[in-house]
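Okay, so here's the structure we're looking at.
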Amino acid sequence: PDRAARAARPPAYGARATVQRDNVYWFGSRGLLFTSPWVLTPRTRRQTAVLLLSASGRPLELSVGGRVLRHEAVAIAPLTPRGLRAIDVGLISVNVQPHHPCFGALCRMMDEPTTPLPREAFARFDAELRRAYEGRLGHAEAERLFEGLVETMVAWLPGPEQSDPRADRLHALLREN
């Protein structure tokens, strides 16, 4: 696209930075929490498994496979191409890297790459989610929140009872090395 077309497109991130800044809480090779008042990405594909939550209770909009989905909480399998429109909904994005012990369970979502989850399942975290969104969590608090959100997501995901031992071993090797 030419310069005028690029200038006319709204930014993907940071458009509300004067009102509310984006925040990143990073946990090394296990993952991160990202919060933002504005994300508008037409197409991304992440190697992480992702939990997207609305801190406001209003749904975010996800485009996957030609469908538009609106949810307050949704789990997304690794490598799922998607678009995201999360404007003024209080986006909380939980990104789970391959080194996280739960990553293998999240890879089993591949048959259904987006799984809506009940937002109420995460209600016990609402006070911490608001503080994370406002950038007011310390690292230890953010890490506890991250792990609690990941555990809750995994508990709500449907999936086979048995995992592939080869994949579990591969994930263990990644974590160890």
Side-chain angles (χ1 to χ4, degrees), residues 12-14 21-36 39 41 43-55 60 62 64-65 69 71-84 86 90-119 121-122 124-177:
Y13 304 94
R21 66 186 171 134
D22 294 348
N23 297 287
V24 177
Y25 301 89
W26 185 59
F27 312 111
S29 61
R30 290 178 299 123
L32 63 91
L33 276 174
F34 171 74
T35 73
S36 181
V39 174
T41 53
R43 186 171 168 89
T44 59
R45 186 176 183 149
R46 308 256 191 270
Q47 84 279 4
T48 60
V50 179
L51 168 65
L52 298 176
L53 292 169
S54 164
L60 50 91
L62 196 63
V64 179
L69 311 169
H71 299 291
E72 296 169 18
V74 61
I76 304 169
L79 301 174
T80 300
R82 65 191 183 267
L84 176 60
L91 175 69
I92 309 287
S93 178
V94 180
N95 294 256
V96 183
Q97 296 278 10
H99 287 68
H100 193 283
C102 292
F103 189 79
L106 299 171
C107 286
R108 291 192 283 276
M109 293 173 37
M110 295 303 222
D111 290 339
E112 187 58 45
T114 59
T115 304
L117 301 171
R119 178 60 179 83
F122 302 93
R124 71 177 195 240
F125 301 108
D126 281 348
E128 290 87 359
L129 288 169
R130 276 189 297 280
R131 289 181 59 225
Y133 182 73
E134 294 166 354
R136 296 187 303 119
L137 282 186
H139 187 268
E141 293 172 297
E143 192 167 18
R144 282 191 298 276
L145 174 60
F146 172 80
E147 293 299 342
L149 293 169
V150 171
E151 288 173 16
T152 303
M153 172 176 53
V154 170
W156 277 91
L157 288 174
E161 296 297 318
Q162 298 269 313
S163 62
D164 184 336
R166 296 169 299 174
D168 291 341
R169 178 69 181 135
L170 178 61
H171 290 124
L173 287 170
L174 283 171
R175 284 190 301 275
E176 292 167 12
N177 298 297

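Hydrogens, waters and symmetry mates play no part in the numbers below; they use all other heavy atoms, side chains included.
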Report task. Show your reasoning for whether side chain to side chain contact (heavy atoms under 4.5 Å, CB included) applies to Y25 and L145. Result -> CA-CA 10 Å; Y25 301 89; L145 174 60; over 6 Å; no
**Report entry** Pairwise side-chain contact, L157 with M153, heavy-atom cut-off 4.5 Å (strictly under)
**Finding:** yes
Query raised in the report: Does some side-chain heavy atom of L84 sit less than 4.5 Å from a side-chain heavy atom of R82?
Result: no
Which residues satisfy the salt bridge (Lys or Arg N to Asp or Glu O under 4.0 Å) test with [X], sequence neighbours excluded?
{"X": "E112", "answer": "none"}
{"X": "E72", "answer": "none"}
{"X": "E141", "answer": "R131"}
{"X": "E143", "answer": "R30"}

Minimum heavy-atom separation for [X] and [Y], please, with both atom names.
{"X": "L129", "Y": "R119", "answer": "CD1-NH2, 3.6 Å"}
{"X": "A105", "Y": "V154", "answer": "CB-CG1, 4.1 Å"}
{"X": "S36", "Y": "D22", "answer": "OG-OD1, 2.6 Å"}
{"X": "A132", "Y": "N23", "answer": "O-ND2, 3.7 Å"}

Query - Which residues share a ring-ring contact (aromatic ring centres under 6.0 Å, His included) with Y133, sequence neighbours left out - result: none
Requested in this report: Give the intermediate values and the outcome of side chain to side chain contact (heavy atoms under 4.5 Å, CB included) for residues V74 and L69.
Outcome: CA-CA 10 Å; V74 61; L69 311 169; 5.7 Å; no
What residues, two or more places apart in sequence or in another chain, satisfy side chain to side chain donor-acceptor pair (under 3.5 Å) together with [X]?
{"X": "T152", "answer": "R124"}
{"X": "Q97", "answer": "Q47"}
{"X": "R130", "answer": "none"}
{"X": "S93", "answer": "N95"}

Set of residues satisfying side-chain contact (heavy atoms from CB on, under 4.5 Å) with respect to [X], sequence neighbours excluded:
{"X": "P78", "result": "A49, F103, C107, M110"}
{"X": "R43", "result": "P81"}
{"X": "A55", "result": "I92"}

Report task. Could you walk me through whether V94 and V150 pass the side chain to side chain contact (heavy atoms under 4.5 Å, CB included) test, one step at a time? Result -> CA-CA 8 Å; V94 180; V150 171; 3.9 Å; yes
Calculate, to the nearest 0.5 Å, the distance between atoms [atom1] and [atom2] belonging to [X] and [Y] respectively.
{"X": "L106", "Y": "I76", "atom1": "CG", "atom2": "CD1", "answer": "11.5 Å"}
{"X": "W156", "Y": "T115", "atom1": "CH2", "atom2": "OG1", "answer": "13.0 Å"}
{"X": "L33", "Y": "F27", "atom1": "CG", "atom2": "CZ", "answer": "4.5 Å"}
{"X": "R144", "Y": "L137", "atom1": "CZ", "atom2": "CG", "answer": "9.0 Å"}
{"X": "T80", "Y": "R45", "atom1": "OG1", "atom2": "CZ", "answer": "8.0 Å"}
{"X": "E128", "Y": "F146", "atom1": "CD", "atom2": "CZ", "answer": "15.5 Å"}

Report task. Decide side chain to side chain contact (heavy atoms under 4.5 Å, CB included) for L117 and L51; before the verdict, give the C-alpha distance in whole Å, the side-chain angles of both, and the deciding distance to 0.1 Å. Result -> CA-CA 9 Å; L117 301 171; L51 168 65; 3.9 Å; yes
Query - Backbone of S54 reached by a side-chain donor or acceptor of H71 within 3.5 Å - result: no
